[in-house]
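Single-structure report; data block below.
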Amino acid sequence: MRQMVSISWRCPRDARRTPHTTGSDAGGGRATARSLPLRPMTGLDGSANPPWAVVHRTEQRMSRMVGYARAACATFVVIPLFGWDRLRHPWLAVLIVVAAAGEASWFAWQAWHGPDRLSRRLVLTDVTFCVALMLVGSRAAQPHERNKLMTELVPFSLVASAGVGFGLGLGLLAVAAVVTLMTAWSLAVLPDVSLKLGSDLLGFALWYVVAMLIARELRTLSAATAAAQDAARTAGRLAVEQEREAESLRQREITHREIHDYLLPIVDHVAGGGLPSSALVREARRGAQRARRIIMDPRGLDPRVLNGDGSGSDGNGNGDGGTPEPGETGFEAMMSAVVDTFADEGLALVPFVAIQGEPPVPVREALVAATREALRNIVRHAGEVDEVSLFVEGGADAVLVVVRDRGVGFDPATVRPGGGMSGSYQALRRHGGQALVTARPGDGVKVTLRWPAPPTPPGGGTPSSPSDDGAPSPGPGRAGPR
Amino acid sequence: MSAERRPISVAIIDDHPIATESLAARFAGAGFSVLAPAPSLEAFDRGATADVVVCDLHLPGISGAAAVADLHARGLPVLATSGVATPDEVLDAIAAQARGFVDKTAPAQQFVAAVTAVAAGGYHVSARLAGFLLEDAQRRPLSRGEIGADERNLLRGLAQGDHLDELCAEWGLAAPDAHGLLARIFDAARRRRRLHRPSPREAEVMVLVGCRGLSHKEAARAMNVKTSVVADYLRTARAKYLASHPDAPPTIPPSAAAAIWARELGFD
């Protein structure tokens, strides 16, 4: 991964720039970090792996840290001016302040806007400036007071040492730069040599070492972070891929089972020259319905629904008494199970189920049972029906169910009131609902279930008996457009 | 009236010979003049003039909506049909100016009635299409120009399995008024589709980010746009997804919404 990144991220800008230190690397993630481009100007950014941006931003932040230190430590060189009377060349001290301020500003600006880690050019320029500053600046004091009055040049120059640690890391060039700084200060303070010089020189060495160690820690951290992000990303992609594969496998299994169990026997029968029979037609209708459901309805791929085989609607919603989980044993799920059951039997059902809210459990069960009965009657009595519509609409306060077929129908005059309209329609009435059956010979049957029952119009017929040929009175869900 | 003098001419585009044969026989039996059936859009005579084209929504190599749009552009009134089209596919066909939809398994008289209605410049709403339109209006309501109670009631009646002429007779509704209601229903359905379906660019982003797992940057590069534009497309797609999926968690991240919706719409 890293190898790939370092290749794909290498950019023309790197080639143009002065190469970084080629000495041994201080940080584990450094090789990677150096080859990352820093600005979205390479045209290669699009293929970049975002997690590695953290490596690159860490480098940028470290550069800025050195920039802050450089800017802050520039203030030290003002202090010698307070010993104005004791200075040998006070105006030289002023010049030092101006030069240090200028250099610090330039350095901080470069570090802030730099695209990556401190460039070698910037670090070496800073070292050179500090060497010059120490050699020239120390002349502002009397020879025996150089490491007292002009000692403030040391904190300023220590930052150069830190810059070497961050920017160049461990290497011959870096060590040479630090030694140069130490030598320059040793020469600068001559002849004012005391124990303090020892601590100054130790300071140069320690700032370099500590800066290098801090940089290494931060680089290791950022590389680890990037690797972790990368791994998480890869794992995420893998998980998605696996989930997709599992889903596809599941769908294939279901499709396979459906084809094997419901379609192949029919096709084989026809292909083998089998005679068409009513049983075959029934089987073919059932197979067609199931195949259609697999193609059209994602829910049709749910094994729970497919394996329900009608028992689902009876088992659902019974017995718990409390408010069921909508979606599992709710009204809509129960109605969907009814739809699936009859579709699986080969009934060409055109369902519309729009339910918002849950009617009370007994009402729900009565409505579902009545709907099942209406559909069962169609299967039993309507003959070969081409299309049956099931319309369910309502919610917690009111429900309208209309089951309509265009089968053989019947003549209401020949059926005694209540005949065939047994159990479940009566149960719906007991729960405050209404069941209305409209029929005409040759024009199918329309069963309208309403809950609650609309107010009975004066002189109206018995709700559960087959009504006259006239249309049912417009109910809550069905009113004329005018 | 004119239909009695000159039979209605019907063209059938369907890649399944068995379906074509039985449809052609149904139409011939109803006295229509049936043009030579075409198994694909390319095979359909470009110069053919038919009063109605009955077009299957699952033709090889082209989406149902694209096929309908192509035929509509030739000035041909289209009656869409399918045995397996999903609600989205049917509504897309309506958005592409199909004038009606009939289930392929529907009885012969429904096909005849539908073709007659479309040939006369009207619409045909089967019980299934009425259900799709009702559900669409409920799930993706328009802020302006949504269908009113009259249109909804008409759709309810049709979804309950009643025929348009039966409803007109029951409610004392004149045919031109019923036509006006249907025209408004179709118009609203088309606008709803334009508003609540991902645009082609949004769909592209949904596939790249949601299905292929590309980062915004990578998707931006693939589409030759800015990264912020990709994020904008994803946000719009998410807003549309939430508008049409009220049950979806409102905090769903745009990329997750894109992945789910793209899969739902069959983009991947």
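Labels below follow one simple rule: chain letters A, B, ... track the order of the sequence lines, proteins then strands, and each chain is numbered from 1.
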query = How far apart are the C-alpha atoms of B:Gln138 and A:Glu393, what are their side-chain angles, what is the distance that settles it, and do they pass the side chain to side chain contact (heavy atoms under 4.5 Å, CB included) test?
reply = CA-CA 12 Å; B:Gln138 192 178 316; A:Glu393 187 186 62; 5.8 Å; no
So with a 6.0 Å cut-off around [atom1] of [X], is the heavy-atom count from everything else above 12?
{"X": "B:His163", "atom1": "NE2", "result": "yes"}
{"X": "B:Arg212", "atom1": "CZ", "result": "no"}
{"X": "B:Ile18", "atom1": "CD1", "result": "no"}

query = Checking heavy atoms, do the side chain of A:Ala348, its backbone, both or neither come under 4.5 Å from chain B?
reply =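 For A:Ala348, neither part sits under 4.5 Å from chain B.
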Atom group of A:Glu241 that falls short of 4.5 Å from chain B, counting heavy atoms =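 Contact with chain B is absent: no heavy atom of A:Glu241 under 4.5 Å.
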Distance-minimising heavy-atom pair for [X] and [Y]:
{"X": "A:Pro351", "Y": "B:Arg128", "result": "CD-NH1, 4.1 Å"}
{"X": "B:Gln160", "Y": "A:Arg404", "result": "O-CB, 3.1 Å"}
{"X": "B:Ala127", "Y": "A:Ser389", "result": "CB-CB, 4.4 Å"}

key: From CA spacing to verdict: salt bridge (charged side-chain N to carboxylate O under 4.0 Å, His left out), A:Arg233, B:Glu218   = CA-CA 14 Å; A:Arg233 209 169 128 91; B:Glu218 289 164 336; 3.7 Å; yes
query = Can you list the steps and then say if A:Glu387 with B:Ser126 is a side chain to side chain contact (heavy atoms under 4.5 Å, CB included)?
reply = CA-CA 11 Å; A:Glu387 206 172 87; B:Ser126 61; 5.6 Å; no
Approximate separation, where rounding is to 0.5 Å, of B:Glu166 CD and A:Lys446 NZ =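 Taking CD in B:Glu166 and NZ in A:Lys446, the distance rounds to 8.0 Å.
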A:Phe352: ring pair (Phe, Tyr, Trp, His ring centres under 6.0 Å) partners, not counting sequence neighbours =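 By the ring pair (Phe, Tyr, Trp, His ring centres under 6.0 Å) rule, A:Phe352 matches A:Phe391.
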message = Sort by residue number and list every residue of residues 101-111 of chain B having at least one heavy atom under 4.5 Å from chain A.
response =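 Contacts with chain A: B:Asp103, B:Thr105, B:Ala106, B:Pro107, B:Gln110.
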ask   = Relative to chain A, which segment of B:Ala130 carries a heavy atom at a distance below 4.5 Å: side chain, backbone, both, or neither?
value =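 Neither; nothing under 4.5 Å.
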key: Greatest number of heavy atom pairs closer than 4.5 Å to chain A - which of B:Gly161, B:Ala159, B:Gly148   =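 So the answer, after comparing B:Gly161, B:Ala159, B:Gly148, is B:Gly161.
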